[in-house]
Amino acid sequence: MGCTSFFNEAVTLDNNPGVRCKPQQVEVVDNHLVPEIVIGPLDDAYAGVYATFNDGKQFERFVEAVNDLHERLKGGHE
């Protein structure tokens, strides 16, 4: 596909017994300079859902939101 993958792992919320969800494959890729997030079945993420960002500014806001969430969660576990 010509994509560069930056994250490609199976994820689940199995650490929270109150949340029941099946593991999903999550991949963060650079698809010819277009940032995408792909989420789908294990070992076949591309059979799932693609999130393609409209432009660089939208992608930057997404990255900032993930960083903010990371800092908030990190503070609760220290």
Side-chain angles (χ1 to χ4, degrees):
M1 289 184 71
C3 298
T4 302
S5 178
F6 293 90
F7 180 89
N8 186 359
E9 296 183 22
V11 300
T12 184
L13 294 175
D14 62 356
N15 62 335
N16 184 343
V19 177
R20 299 180 197 267
C21 67
K22 294 168 45 176
Q24 297 286 303
Q25 192 75 21
V26 176
E27 190 166 357
V28 176
V29 299
D30 169 359
N31 185 2
H32 304 286
L33 301 178
V34 176
E36 292 182 341
I37 297 173
V38 183
I39 301 172
L42 292 180
D43 299 322
D44 195 14
Y46 289 89
V49 178
Y50 292 67
T52 303
F53 295 89
N54 291 330
D55 55 36
K57 289 181 181 181
Q58 185 182 45
F59 181 67
E60 288 296 324
R61 289 192 308 274
F62 172 78
V63 170
E64 288 174 15
V66 169
N67 287 335
D68 290 347
L69 176 61
H70 179 253
E71 286 300 313
R72 179 180 175 156
L73 295 176
K74 189 169 68 171
H77 297 313
E78 292 181 338

Note to self: Applying side chain to side chain donor-acceptor pair (under 3.5 Å), can you list everything that pairs with T4, at least two apart in sequence or on another chain?
What the structure shows: none

Next item on the list: Identify the heavy atoms of A45 and V38 that sit nearest to each other, and give their distance.
Entry: O-CG1, 3.3 Å

Next item on the list: Of all the heavy-atom pairs spanning S5 and N8, show the shortest one and how long it is.
Entry: OG-CB, 3.7 Å

Check: With sequence neighbours excluded, what pairs up with A10 under the side-chain contact (heavy atoms from CB on, under 4.5 Å) test?
Finding: Q25, L42

Check: Same cluster for I39 and V11 if Ile/Leu/Val/Met/Phe/Trp/Tyr side chains link at under 4.5 Å?
Finding: yes

Give the table of side-chain donor-acceptor pairs shorter than 3.5 Å for residues 54-67, with sequence neighbours excluded, one pair per line with atom names and distance.
residue: N54; atom: ND2; partner: Q58; partner atom: OE1; Å: 3.4
residue: D55; atom: OD1; partner: K57; partner atom: N; Å: 3.1
residue: D55; atom: OD1; partner: Q58; partner atom: N; Å: 2.8
residue: Q58; atom: OE1; partner: N54; partner atom: N; Å: 2.5
residue: N67; atom: ND2; partner: V63; partner atom: O; Å: 3.4

Notebook entry, point to check: Is Y50 reachable from V29 through a run of I, L, V, M, F, W or Y residues, each pair having side-chain heavy atoms under 4.5 Å apart?
Noted result: yes

Margin query: Which residues pass the side-chain contact (heavy atoms from CB on, under 4.5 Å) test with V28, not counting sequence neighbours?
Written below: F7, I37

